[in-house]
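Beneath this line is the structure, given in structure tokens, with notes to follow.
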Amino acid sequence: MMDGYAKYLEEKKAKPKGLSTFKLKVIGDVLMFLSAASMTLVPRFLGAPSTDDMGVLTVVVLCEAISWVAIPIYAWLLYTGFDRTRSWFKYGMRLFILALVCEVPYDMVTFGPDHLFDFRSQNPVFGLVVALVVMVLLDAVEDLKTGVRVTLSVLLVIIGLLWDVLLRVGQSQAILNIGSLTLGFCVIYYYLHRRENTMMLTAATLGAVSGIAPGFGVAFLHYRNGELGYRHFWTPWVFYAVYPAILLACACMAL
């Protein structure tokens with residue numbers, strides 16, 4: 001019995017503290033559910049938000065704002081995926097396919113169940129695709145002369161931001177463009193990942209000036225432990241399916 005207890009203590013001691021990749025993904029998915037629920041489940045059960053009912057309107061706004069905490073988390077997961085992947089092309093194609101799959105349920109959630117295709121806003125996964133392409137291109141110009149590299153790097157980031165703005169990635173209201181903010185965090189992680197404190201401070205500042213809530217997401221990242229947190233090869237594929245499943249479920253609930 002003592003041997004079993006000693007083994008338990010050793011395992012508990014060996015277990016790394018902090019947030020693993022698995023836990024970060026779970027946190028991100030919960031926050032994304034709040035975003036979808038704010039536009040579907042909350043109006044269904046509490047009534048349509050309006051200036052005549054500030055209580056419901058406040059709940060909707062709070063759920064949407066809290067969901068922004070996920071932006072720097074997903075940006076970090078994208079950067080680490082980019083940094084570790086053996087094929088950025090395959091990684092990008094998976095994200096692009098996911099973005100296409102998410103678009104119809106996203107439009108239904110954002111604009112109503114009758115809107116199967118609506119180009120007023122694109123789902124946030126397209127923001128991940130844009131950010132990945134920008135990081136790949138930044139890598140491609142890394143070995144050029146300083147002046148040329150800096151000029152091209154700035155142009156690439158600006159072009160990425162323009163794509164996010166023109167496509168209105170993750171923007172259902174004129175408050176926050178999730179795609180642009182995702183790219184901003186990815187650029188910070190790309191250039192400052194070797195300087196932890198500077199990276200966290202810069203990212204937190206960006207989050208603070210972008211609605212405050214994204215800054216709390218940076219706080220979650222500060223407690224990451226670098227561990228995957230899962231053992232099964234199929235676990236990442238489950239996370240690919242979670243977001244479209246959340247959107248589809250919320251869209252069906254709004255019918």
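Note that the structure is predicted; figures quoted are calculated from it, not measured.
Between Leu24 and the options Asp29, Thr80, Asn225, Leu221, a side chain to side chain contact (heavy atoms under 4.5 Å, CB included) holds for only Leu221. Considering Thr40, Asp114, Leu116 as possible partners of Met108, the one that fulfils the side chain to side chain contact (heavy atoms under 4.5 Å, CB included) test is Leu116.
Taking the side chain as every heavy atom from C-beta outward, Lys90 and Thr85 never approach each other to under 4.5 Å. Side-chain contact check for Cys186 versus Val134: every heavy-atom pair is 4.5 Å or farther apart. The shortest distance between side-chain heavy atoms of Ile27 and Ile73 falls below 4.5 Å. With a 4.5 Å cut-off on side-chain heavy atoms, Trp76 and Met199 count as touching. You'll find the side chain of Phe216 stays beyond 4.5 Å of the side chain of Pro72, heavy atoms only. Looking only at side-chain heavy atoms (C-beta outward), Phe220 and Leu19 come within less than 4.5 Å of each other. A 4.5 Å side-chain heavy-atom check between Tyr106 and Tyr243 finds at least one atom pair inside the cut-off. The side-chain heavy atoms of Leu95 and Tyr91, taken from C-beta on, include a pair separated by under 4.5 Å.
Ser121 places a side-chain N or O within donor-acceptor distance of the main-chain N or O of Arg168, the cut-off being under 3.5 Å. In this structure, the side chain of Tyr74 does not engage the main chain of Leu128 through any donor-acceptor pair within 3.5 Å. A distance-only check finds no donor-acceptor pair linking the side chain of Ser67 to the backbone of Met32 [under 3.5 Å]. Between the side chain of Ser38 and the backbone N or O of Ser35 there is at least one donor-acceptor pair closer than 3.5 Å.
Using a 30° and 60° split on the angle between ring planes, Trp237 and Tyr240 fall in the tilted class, from 30° to 60°. Between His193 and Tyr79, the angle of the ring planes lies from 30° to 60°, which puts this pair in the tilted group. Aromatic ring pairs are classed by plane angle as parallel below 30°, tilted from 30° to 60° and perpendicular above 60°; the pair Phe22 and Phe239 is perpendicular.
Ring-centre distance between Trp88 and Phe82: not below the 6.0 Å cut-off.
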request  = List the steps and the verdict of side chain to side chain contact (heavy atoms under 4.5 Å, CB included) for Met39 and Thr110.
outcome  = CA-CA 6 Å; Met39 293 176 280; Thr110 305; 4.3 Å; yes
query = Where do Leu192 and Tyr189 land on the side chain to side chain contact (heavy atoms under 4.5 Å, CB included) test, with the steps shown first?
reply = CA-CA 5 Å; Leu192 300 178; Tyr189 301 150; over 6 Å; no
ask   = Is there a side chain to side chain contact (heavy atoms under 4.5 Å, CB included) between Leu228 and Ser20 once you walk through the steps?
value = CA-CA 6 Å; Leu228 284 178; Ser20 63; over 6 Å; no
key: Intermediate values then yes/no, side chain to side chain contact (heavy atoms under 4.5 Å, CB included), Asp164 and Leu181   = CA-CA 9 Å; Asp164 286 322; Leu181 192 54; over 6 Å; no
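The two atoms that bring Leu183 and Val157 nearest to each other are CD2-O, 3.7 Å, heavy atoms only. Closest approach of Ala99 to Asn123, counting heavy atoms only: O-ND2, 2.9 Å. Closest non-hydrogen pair, Leu176 versus Ser210, comes out as CD1-O, 3.8 Å. In terms of heavy atoms, Ile246 sits closest to Ala36 at CG2-CB, 4.1 Å. Annotation for Glu103 and Asp118: closest pair OE2-O, 4.2 Å, computed over non-hydrogen atoms. Closest approach of Ala213 and Ala65 over heavy atoms only: CB-O, 3.1 Å.
Here the OG1 atom belonging to Thr182 is positioned 8.5 Å from the CG atom belonging to Asn177, to the nearest 0.5 angstrom. For the atom pair Leu78 CG and Phe185 CZ, the distance stands at 13.0 Å (nearest 0.5 Å). The line from CD1 of Ile178 to CD of Gln171 is 9.0 Å long, rounded to the nearest 0.5 Å. To the nearest 0.5 Å, atoms CD (Glu64) and CG (Leu31) are separated by 11.0 Å. Rounding to the nearest 0.5 Å gives a distance of 10.0 Å between CZ of Arg94 and CG of Leu132.
Taking hydrophobic clusters as Ile, Leu, Val, Met, Phe, Trp and Tyr residues chained together by side-chain heavy-atom distances below 4.5 Å, Val165 does not share a cluster with Leu206. A single hydrophobic cluster is not seen to contain both Leu137 and Leu162; linkage of ILVMFWY side chains at heavy-atom distances under 4.5 Å, directly or through other members, places them apart. Note on Phe89: it clusters hydrophobically with Leu138, by side-chain heavy-atom contacts below 4.5 Å among ILVMFWY residues. There is no path of hydrophobic side-chain contacts, each under 4.5 Å, that joins Val30 to Leu247. No continuous path of ILVMFWY side-chain contacts below 4.5 Å connects Ile97 to Leu248, so the two sit in separate hydrophobic clusters.
The pair Glu196-Arg224 meets the salt-bridge criterion, with a side-chain N (NZ, NE, NH1 or NH2) lying under 4.0 Å from an Asp/Glu carboxylate O.
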